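Remarks on the structure that follows.
A quick note: this is a predicted structure, and the numbers were derived from the prediction, not measured.
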There are 2 protein chains.
Amino acid sequence: MAPRSGTRPFSQKTITDVAQRAGVSISTVSRVINQSAPVSSNLENKVKAAIAELDYRPQTAARALAGQKTHTIGLLLAEIGTDFYPLMIRAIEAEARKNHFNLLINVAGDDTSIEGEIPYTLGEYNSDGVLVFPASLSDDELYRMHLNNFPVVLVQRRPPAGLEFPCITIENKLPARKMVDHLIEVHGFRRIAFLSGLADHEDARRREQGYHESLESHGIPYDPTIVAQGYFQKQASQDAVCEWITAGFEFDAIFACDDISAIGALSALNRAGLNVPNDVAVVGFDDIEVSRFLSPPLTTVKVPIQEIGRAAIQQLLAFMNGEVPDMCTHFETELVIRRSCGCR
Amino acid sequence: MAPRSGTRPFSQKTITDVAQRAGVSISTVSRVINQSAPVSSNLENKVKAAIAELDYRPQTAARALAGQKTHTIGLLLAEIGTDFYPLMIRAIEAEARKNHFNLLINVAGDDTSIEGEIPYTLGEYNSDGVLVFPASLSDDELYRMHLNNFPVVLVQRRPPAGLEFPCITIENKLPARKMVDHLIEVHGFRRIAFLSGLADHEDARRREQGYHESLESHGIPYDPTIVAQGYFQKQASQDAVCEWITAGFEFDAIFACDDISAIGALSALNRAGLNVPNDVAVVGFDDIEVSRFLSPPLTTVKVPIQEIGRAAIQQLLAFMNGEVPDMCTHFETELVIRRSCGCR
DNA sequence: TTGAAAGCGATACCAC
DNA sequence: GTGGTATCGCTTTCAA
């Protein structure tokens, strides 16, 4: 029989091949693969042998179609090319794999969808549930998923008003405030600059609030000239700090709302020949992997990145299994004092 | 009709729903979705309207099963939690998406497969082709894929003897040699330490060869006491350099076989109170995103990370389309002189 | 405990 | 151009 056009150029073993080789029905093969019903150990061994001999792997498409489960979890991010995500994704991938789920990755920012065309993203048509990161999915889409009762877990993001989704959050405002308190109380700084994040990023906004609160509680006036947008980017942050320096603005410390911006700040200072922390102190937030290896090691707030990833998958799995997930998993964060603030 | 057990808890629109709503057959719906045959613009509009009204998205499982294509590309890595991959994955994701392919990610190192169980990884049963990174897949598995004529593109890795796969490679030995030449000829260093990578990583081995060749051509004896394994890791590299310092070994420069190890080296030197580049110079390889923001900015070899990712997808797509891919796509790399070597 | 057979939701062939 | 229908490979009922 000639293959139809569109047939793959490579052969695929099927469950029927296995069944024939083992001398059983395909039902039995399915049962031993999925352990979905008892099979006599005699047949079970035959089937296992046949599977091994043929090096058979079930086609996921057929499995998904018949079983109405894709065995796939989707990851929806706004941007994957940043230093914040490697460890997060590592943890997510490991946890998904442990539970025999595949990981489908989708970066919303790269969207090339054409008006009127069906969008190729993540949803009920290709996964059993998704992890949604900040700024990656519109409220409309979230609403649609909610209507369809599709399992979604929000990471570092709370659900929009009226919707209920489990979410994984972290403590931002208080540690940000404590960090600035530290700069003020321990080191005596009063001119503390701030590098903000993205406007649609909740964590970043709360960190900025912490900055304001600390300033206020110490009676230090807010000075917008030493506040700039870092956009979670090294280059933008470096540029901003360079401008401050060029403009002659005075500041004795910089609080960056994430470590990536802090790296940009460190770089700007280094280029200007300023010493950290002697001339200017720099502190960040997140404690990404590289932070403790910087020169000087960065004082920051430790966010349990891998725990967040693990928890996200666990809540999603619970949701998918029809269990009641924790609607809010909240992680504490703590100051990590290293050398860039002037300590030691 | 009651749903069978195992049915998803959430409803799914089907092509039949769309056909009914538009008053056409499912064949016609399929044609407009895939533009696989001409459809009168009258019906086409009706179908598009129905799709929009129902917010219909074709189920990928059904599509894959019927069409014998998964529309999915697999990424097989040994480790995803490193600073080298973010930009690579970003480029790969963007390029895959542009071509309407999904991205499935699999980290081989996390393997939790159980003896006798069917391994849940990547292959012909769940993707149309895979990108294989160093140390992520055994030669046996590669051989199996080759037998099945399954599209594979190797990235930063050459095929094992006897197998033919398109591969994406970069220039390693020559630039490594030039880098060490630079250290010797421009800066007059003769005690140059080396931080090696992983033994099963071809790029790392070639870079080490470049180091040897440069030393040899300058008549500098190879000194194993100042050569250590950095394992592409910051911590391991930091530890190695700390040990050298503690042991009192002398060296005036460190050539790290990748930027990640260089960061570890920088950190060790900083902790020991040594100035880079005045006391010891440090150079790396890869030019990952953070390198130019380090203090001091890192002299390194620029590897076109995003171009590699893009080329890998393009070759894989060609392979999958039955075209003849370039069996070897080779990228040049160039020295990027910054300040950590002592220049400026 | 086992096998036969009815779907799952698409694609693509065939006839009209 | 359009519709009917066999088919993809598997899971799950149902009957034995």
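Looking at residues 28-36 of chain A, you'll see Thr28(A), Arg31(A) sit with a heavy atom under 4.0 Å from some atom of DNA chain C.
At whole-Å resolution of the value, CD in Gln59(B) and P in dC8(D) are 20 Å apart. A straight line from CD1 of Ile15(A) to C1' of dG9(D) spans 8 Å, rounded to a whole angstrom. To the nearest angstrom, P of dC10(D) lies 10 Å from CD1 of Ile51(A). Going from atom CG of Asp17(A) over to atom P of dC10(D) covers 9 Å, rounded to whole Å.
In this model, the phosphate group of dT2(D) is approached by a side-chain N or O of Ser40(B) to a distance below 4.0 Å at OP1 or OP2. Contact between the side-chain N/O atoms of Tyr56(A) and the OP1/OP2 oxygens of dC10(D) is found at a separation under 4.0 Å.
Side chain of Ser25(B), nearest nucleotide from dA5(C), dA10(C), dG3(D): dG3(D). Of the listed nucleotides (dC8(C), dG9(D), dT2(C)), dC8(C) has the atom at the smallest distance from the side chain of Gln68(A). The side chain of Leu43(A) has dT2(C) as its nearest neighbour among dT2(C), dG9(D), dG3(C).
Arg57(A) and Asn126(B) share no donor-acceptor pair across their side chains, judged by distance under 3.5 Å alone.
When heavy atoms are screened at a 4.0 angstrom cut-off, Ile26(B) is found touching base atoms of the nucleic acid.
Residues Tyr56(B) and Arg21(B) fail the side-chain proximity criterion, which asks for heavy atoms closer than 4.5 Å.
Counting distance only, with no hydrogens placed and no angle test, the side-chain atoms of Ser27(B) and the base atoms of dA12(C) include a donor-acceptor pair under 3.5 Å.
Looking only at distances, a side-chain donor or acceptor of Glu93(B) sits under 3.5 Å from a matching main-chain atom of Val107(A).
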Legend entry - Evaluation steps, side chain to side chain donor-acceptor pair (under 3.5 Å), between Glu124(A) and Gln12(B): CA-CA 8 Å; Glu124(A) 46 277 55; Gln12(B) 285 280 74; over 6 Å; no

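For Glu53(A) and Lys13(A), the salt-bridge test fails: no basic side-chain N is under 4.0 Å from an acidic carboxylate O.
Heavy-atom distances to DNA chain D give each of Ala62(B) and Val24(B) a nearest nucleotide, and the one nearer the 5′ end belongs to Val24(B).
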